[in-house]
Amino acid sequence: MIRLYECVANQHDLRLVAIAAVICALGTYSTFAMGRQVFCNIALKERLAWAATGILATSTAIWATHFIAMLAFEPSLAFGFSVGQTIASFLVAVLLVGLGAGTVVARSDLPGRMVGGAVVGLAISAMHYTGMGAYHVQGTLQWDLSTVTWSVLVGMALASLSTILGFSPRRRVRRLAPAILLAAVCGTHFLGMSALTVVFDPRVEIPGGSLDGTVLSIIVANAALLIVGLSLAALRLWHVNRQRHEAESQRLRDLADIAVEGLMICDGNTITGINHSLERVLGLPREALIGSPLQRILPGLAVEHIPTAQEADAVLRGGNEASIPVRVIAQTITIQAKPHTVVAVRDQRERLRAEAEMHRLAHHDALTGLANRHQFNAALDARFASRRAEDASFALLILDLDRFKVVNDTLGHGMGDELLRRVAKRLLCALRDEDLVARLGGDEFAILKAGGVDLAAIQALAERVIDILARPFLIDGHILNIGTSIGIALAPTDGDRAEVLMGNADMALYGAKEEGRGRYRMFEASMNARIQARRSLELDLRRAIARQEFELYYQPQVDARTGAFDGAEALIRWHHPVRGMVSPAEFIPIAEETGLIGNLGEWVLRTACTQALSWPEHLTVAVNLSPVQFRDGRLATTIRNILAETNFPPARLELEITEGSLLQNEQRTLVILRELRALGIRISMDDFGTGYSSLSYLRRFPFDKIKIDQSFVRRTPDDKESAAIVRAIAMLGASLGMKTTAEGVETDAQSSFITGEGCDQIQGYLISRPVPARQIEALFTRPEPVALRA
Ligand SMILES: Nc1nc2c(ncn2[C@@H]2O[C@H](COP(=O)(O)O[C@H]3[C@@H](O)[C@H](n4cnc5c(=O)[nH]c(N)nc54)O[C@@H]3COP(=O)(O)O)[C@@H](O)[C@H]2O)c(=O)[nH]1
């Protein structure tokens with residue numbers, strides 16, 4: 001080391017040494033600047049050009065450094081340089097630097113870089129000692145071989161290290177490389193020079209044709225200029241290239257970032273970029289992913305497996321290991337002359353959620369969340385289509401809520417909706433998981449009971465459902481009492497197709513309702529015939545008004561004390577062309593259900609007013625109004641128009657209503673009744689005593705008359721309870737200032753009892769059966785009153 005120091009400090013012109021070092025530094029900087037271009041994603045031609053320029057720049061740097069340093073060497077003796085060997089030294093440098101660079105390009109891994117760098121180190125030594133061969137001085141050159149060896153080894157080691165660091169992925173490390181290569185060049189040179197001793201020998205002459213210091217300075221200066229020029233050009237090009245690359249990358253990133261769908265760029269299976277959308281989907285920053293393998297976020301998927309024509313389903317692994325369903329498609333693009341893969345990643349969560357919601361809406365009832373008719377039908381069809389033995393027999397239960405309409409009409413649809421929701425909840429509680437319950441619409445529900453046709457189990461289920469729905473519902477402070485009727489059909493006995501089974505369960509339901517609601521009925525073949533008959537009756541009823549098949553009969557009402565006629569009740573009769581006389585008890589409910597009661601009721605009113613006009617003026621006519629007629633808001637207007645049309649005095653018209661009219665919408669009915677009362681029409685409460693809240697109605701509306709239901713009258717005077725009821729009603733009427741009429745009086749005993757209890761009026765077979773209009777007219781023109789037994 002001392003020799004080295006003395007060699008540099010005492011035997012060299014330090015100013016020239018500094019120039020040599022600057023030129024060498026510029027050269028080594030260009031070496032790596034250009035060397036890195038060879039590894040960029042650019043065309044092969046460009047890479048080769050960069051490689052050639054880099055080799056030339058490096059060789060020239062080594063060569064120029066050597067010769068400037070040689071000029072700085074001051075042996076105090078005459079010296080010169082042989083032209084041939086000077087040129088040869090340059091060629092040696094070019095060849096060996098080329099070999100070293102080629103090794104690094106061919107194998108850019110660590111061993112490749114190590115060996116390539118060592119070859120470059122060898123190039124420095126080879127150039128140095130070939131160059132020393134060109135050096136002629138007036139004396140002899142004596143070499144210390146061990147120092148020479150060290151100069152070679154140090155040069156190779158440092159050059160190798162510089163190459164290893166120069167192509168490191170870490171920028172900071174890369175920055176050290178030019179300085180280390182500089183150390184390799186300078187180290188080799190000055191160690192080599194310290195191995196040299198020049199011994200003066202006056203016999204030695206400088207060969208002719210040798211280059212003297214001035215010529216060499218010109219050559220070296222030019223070489224140095226070339227290196228500086230090349231270095232600056234390399235710098236400039238590198239800078240421009242880098243800017244272009246940056247701009248291109250930025251443009252790509254910007255384009256990718258404004259894309260709504262997730263995009264990722266892969267170099268092979270390595271992620272080199274992702275856009276904002278994908279960052280959002282993953283919940284991870286791009287910094288955490290760039291450089292990672294694709295499988296980090298698309299487990300089990302390689303770039304070559306991603307389709308390029310049609311999207312494929314995949315699972316994306318995001319932050320917190322979340323699995324995100326996506327669709328992926330790949331496209332190949334060229335970035336800086338190298339093929340890359342752009343993977344488009346489409347988040348499917350929203351679509352799948354929307355699909356699930358659509359599926360839910362399509363298959364579920366929006367109000368109750370139960371299966372809807374569509375899903376139920378599909379399940380039923382699936383049962384029939386299934387070839388599995390355990391699916392072959394099952395029970396279908398159709399439910400219709402009793403008195404639901406009353407709640408809906410009186411308390412509003414909001415309450416009706418809430419009630420349906422509560423019903424759904426109770427049904428779910430009553431069923432097993434494998435049973436399917438659906439809301440078919442309105443207040444109609446259906447249950448598909450799994451597990452064969454064990455009659456005891458089916459009946460137990462029906463009873464359980466009836467029981468839970470019969471219990472009161474407490475909603476918004478209202479206690480609601482409804483119930484349900486159930487029709488049951490068994491597959492395959494009662495139907496081997498969905499429509500047939502449903503139809504038969506419906507018939508059974510109808511049967512349950514007919515029997516008085518709050519009960520279940522199993523389907524029986526005979527029901528079919530009954531229903532058919534009812535349907536045909538319904539069709540006939542629609543045509544009956546136009547065909548004038550109806551007639552009004554009248555049943556007289558007499559004063560209980562005097563026997564004088566007070567008037568008559570109009571009772572409709574239907575002369576069916578095939579069946580003969582059909583009872584109103586049979587067809588009025590059908591007319592009510594089908595809405596025909598509106599037209600029929602109008603016809604009865606108009607006919608009664610027209611016919612009663614010919615009766616003695618003091619006699620009244622009583623007409624029955626169905627509860628369904630009160631649903632028509634124009635009822636009072638219709639009656640007023642009929643009175644005006646027929647010119648019948650309102651005071652002679654009496655309208656008989658039942659509790660049902662008040663029960664369905666008390667407020668609306670009371671408004672209509674007050675309008676009718678304002679016209680002067682009398683209002684009677686019919687069938688009194690059969691309901692359960694009659695007394696409250698009597699308090700709320702001042703009826704003109706209370707008609708005691710014939711079911712009590714018929715059992716008087718023997719049945720004590722009935723007699724007590726008749727007595728109580730008669731007293732109630734008297735205390736409220738309302739007339740009382742006993743209907744269904746058939747015997748003298750009943751008549752005597754009724755009269756004795758203070759009833760005002762009597763109606764029944766004892767006086768007369770209902771008779772046609774002509775007969776009642778004849779009866780009313782009879783001079784003497786009816787003889788009643790006191
Ligand atoms: N909305 C309308 N309802 C009507 C109309 N016409 C009749 N009806 C209702 O139909 C039910 C059956 O009526 P009907 O078969 O006519 O029976 C009435 C009488 O015939 C019967 N009656 C009368 N006296 C006796 C008797 O002594 N014994 C006995 N066994 N039956 C008797 O009672 C029926 C009258 O009842 P009511 O109306 O309660 O006074 C019936 O509910 C009718 O109301 C119509 O035009 N519109």
Side-chain angles (χ1 to χ4, degrees), residues 541 544-545 549-558 566-576 580-612 620-632 635 638-639 642 653-661 664 683-691 694 705-716 729 739-751 753-754 759 761-773 775-776 786 788:
L541 191 60
I545 296 180
E549 290 171 5
F550 295 112
E551 185 188 358
L552 282 190
Y553 273 40
Y554 294 92
Q555 186 174 36
Q557 298 169 328
V558 299
D566 284 340
E569 179 182 359
L571 294 160
I572 193 166
R573 297 292 179 261
W574 180 14
H575 301 286
H576 190 280
M581 184 81 89
V582 181
S583 161
E586 198 177 339
F587 69 82
I588 291 287
I590 300 176
E592 286 176 340
E593 275 171 39
T594 53
L596 289 170
I597 193 71
N599 284 343
L600 201 60
E602 253 185 66
W603 178 87
V604 171
L605 269 162
R606 189 172 285 109
T607 311
C609 290
T610 309
Q611 292 178 340
T620 57
V621 65
V623 173
N624 289 283
L625 283 185
S626 153
V628 179
Q629 284 176 273
F630 280 90
R631 288 186 202 155
D632 180 1
L635 180 64
T638 307
I639 295 173
I642 288 172
L653 178 62
E654 196 171 290
L655 296 174
E656 296 191 2
I657 70 157
T658 56
E659 275 182 337
S661 302
Q664 66 173 7
I683 312 290
S684 307
M685 170 62 89
D686 202 2
D687 302 337
F688 194 74
T690 52
S694 313
K705 190 195 276 185
I706 306 170
K707 291 185 78 177
I708 305 169
D709 192 70
Q710 49 186 285
S711 58
F712 306 117
V713 175
R714 201 174 301 137
R715 290 199 285 267
T716 56
I729 296 173
K739 268 190 169 183
T740 42
T741 302
E743 52 181 347
V745 179
E746 292 185 3
T747 64
D748 287 332
Q750 288 165 353
S751 170
F753 173 76
I754 283 211
C759 277
Q761 223 171 31
I762 284 177
Q763 177 183 347
Y765 292 173
L766 180 69
I767 313 297
S768 165
R769 284 180 174 263
V771 292
Q775 282 187 39
I776 198 78
V786 177
L788 297 171

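Read the numbers this way: they start at 1 and go in the same order the structure lists the ligands and their atoms.
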Give a yes/no on ligand 1: does R769 have at least one heavy atom closer than 4.0 angstrom to it?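 Contact absent.
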message = Please determine whether side-chain contact (heavy atoms from CB on, under 4.5 Å) holds for the pair Q629 and E602, giving the CA-CA distance in whole Å, both sets of side-chain angles, and the decisive distance to 0.1 Å.
response = CA-CA 9 Å; Q629 284 176 273; E602 253 185 66; over 6 Å; no
Note to self: Please tell me whether Q557 and E569 have a donor and an acceptor in their side chains that are separated by less than 3.5 angstrom.
What the structure shows: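 Short answer, no.
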With only distance considered, is [X] within less than 3.5 Å of ligand 1 through an N or O on each side?
X	answer
Q629	no
R714	no
A570	no
E746	yes

Practice task
Under 4.0 Å, heavy atoms only, figure out whether ligand 1 is touched by the backbone of I572, its side chain, both or neither.
Solution key: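 Near ligand 1, I572 shows its backbone as well as its side chain.
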- prompt: Can you tell me how far the CH2 atom of W574 sits from the CG atom of L600, to the nearest 0.5 Å?
  reply: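 The distance works out to 9.5 Å.
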Nearest to [atom], what protein heavy atom do you find, and at what distance?
atom	answer
atom 16 (O) of ligand 1	R573 NH1, 2.9 Å
atom 40 (O) of ligand 1	E743 OE1, 2.4 Å
atom 7 (C) of ligand 1	L571 CD2, 3.6 Å
atom 21 (C) of ligand 1	Q710 NE2, 3.9 Å
atom 15 (O) of ligand 1	P584 CG, 3.6 Å
atom 20 (O) of ligand 1	P770 CG, 3.4 Å

Checking side-chain contact (heavy atoms from CB on, under 4.5 Å) for the pair D566/V558: CA distance, chi angles, key distance, verdict? CA-CA 5 Å; D566 284 340; V558 299; over 6 Å; no
Shortest non-hydrogen contact from L766 to T747?
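Taking L766 first and T747 second, the nearest heavy atoms are CD2-O, 3.5 Å.
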Within the side chain of T610, is there an N or O that forms a donor-acceptor pair under 3.5 Å with the backbone of R606?
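Yes, T610 side chain to R606 backbone: donor-acceptor pair under 3.5 Å.
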Flag: protein heavy atom within less than 4.0 Å of [atom]:
atom	answer
atom 2 (C) of ligand 1	yes
atom 44 (O) of ligand 1	yes
atom 47 (N) of ligand 1	yes

Worksheet entry | I708 vs T741, side-chain contact (heavy atoms from CB on, under 4.5 Å): CA-CA, chis, key distance, verdict | CA-CA 6 Å; I708 305 169; T741 302; over 6 Å; no
Note to self: Counting the benzene-type ring for Trp, do F550 and F587 have ring centres under 6.0 Å apart?
What the structure shows: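 Yes, the ring of F550 comes within the 6.0 Å limit of the ring of F587, centre to centre.
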- Item | Q611 and Y554: CA distance, side-chain angles, deciding distance, side-chain hydrogen bond (donor to acceptor under 3.5 Å, both in side chains) verdict | CA-CA 10 Å; Q611 292 178 340; Y554 294 92; 2.5 Å; yes
Using a strict 4.0 Å cut-off to heavy atoms of [X], name the atoms of ligand 1 that fall inside it.
X	answer
D687	39 (O)
G764	24 (N), 27 (O)
V604	46 (O)
K707	40 (O)

- Name of the residue among K705, K739, Q761, E654 meeting side chain to side chain donor-acceptor pair (under 3.5 Å) with S684: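 Only one of K705, K739, Q761, E654 forms a side chain to side chain donor-acceptor pair (under 3.5 Å) with S684, namely E654.
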task = List for me each residue that meets salt bridge (charged side-chain N to carboxylate O under 4.0 Å, His left out) alongside E549, sequence neighbours excluded, and say none if there are none.
result =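 By the salt bridge (charged side-chain N to carboxylate O under 4.0 Å, His left out) rule, E549 matches R547.
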* Asked: With sequence neighbours excluded, what pairs up with E551 under the salt bridge (charged side-chain N to carboxylate O under 4.0 Å, His left out) test?
  ->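 Residues passing salt bridge (charged side-chain N to carboxylate O under 4.0 Å, His left out) with E551: none at all.
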Quick one: do F688 and K707 satisfy side-chain contact (heavy atoms from CB on, under 4.5 Å)? Show the steps, please.
CA-CA 6 Å; F688 194 74; K707 291 185 78 177; 5.8 Å; no
Taking the minimum heavy-atom distance to [atom], which of [options] ranks first?
atom	options	value
atom 11 (C) of ligand 1	P627, A585, A622	A585
atom 25 (C) of ligand 1	F550, W574, Y765	Y765
atom 24 (N) of ligand 1	E592, M581, E569, Q555	Q555

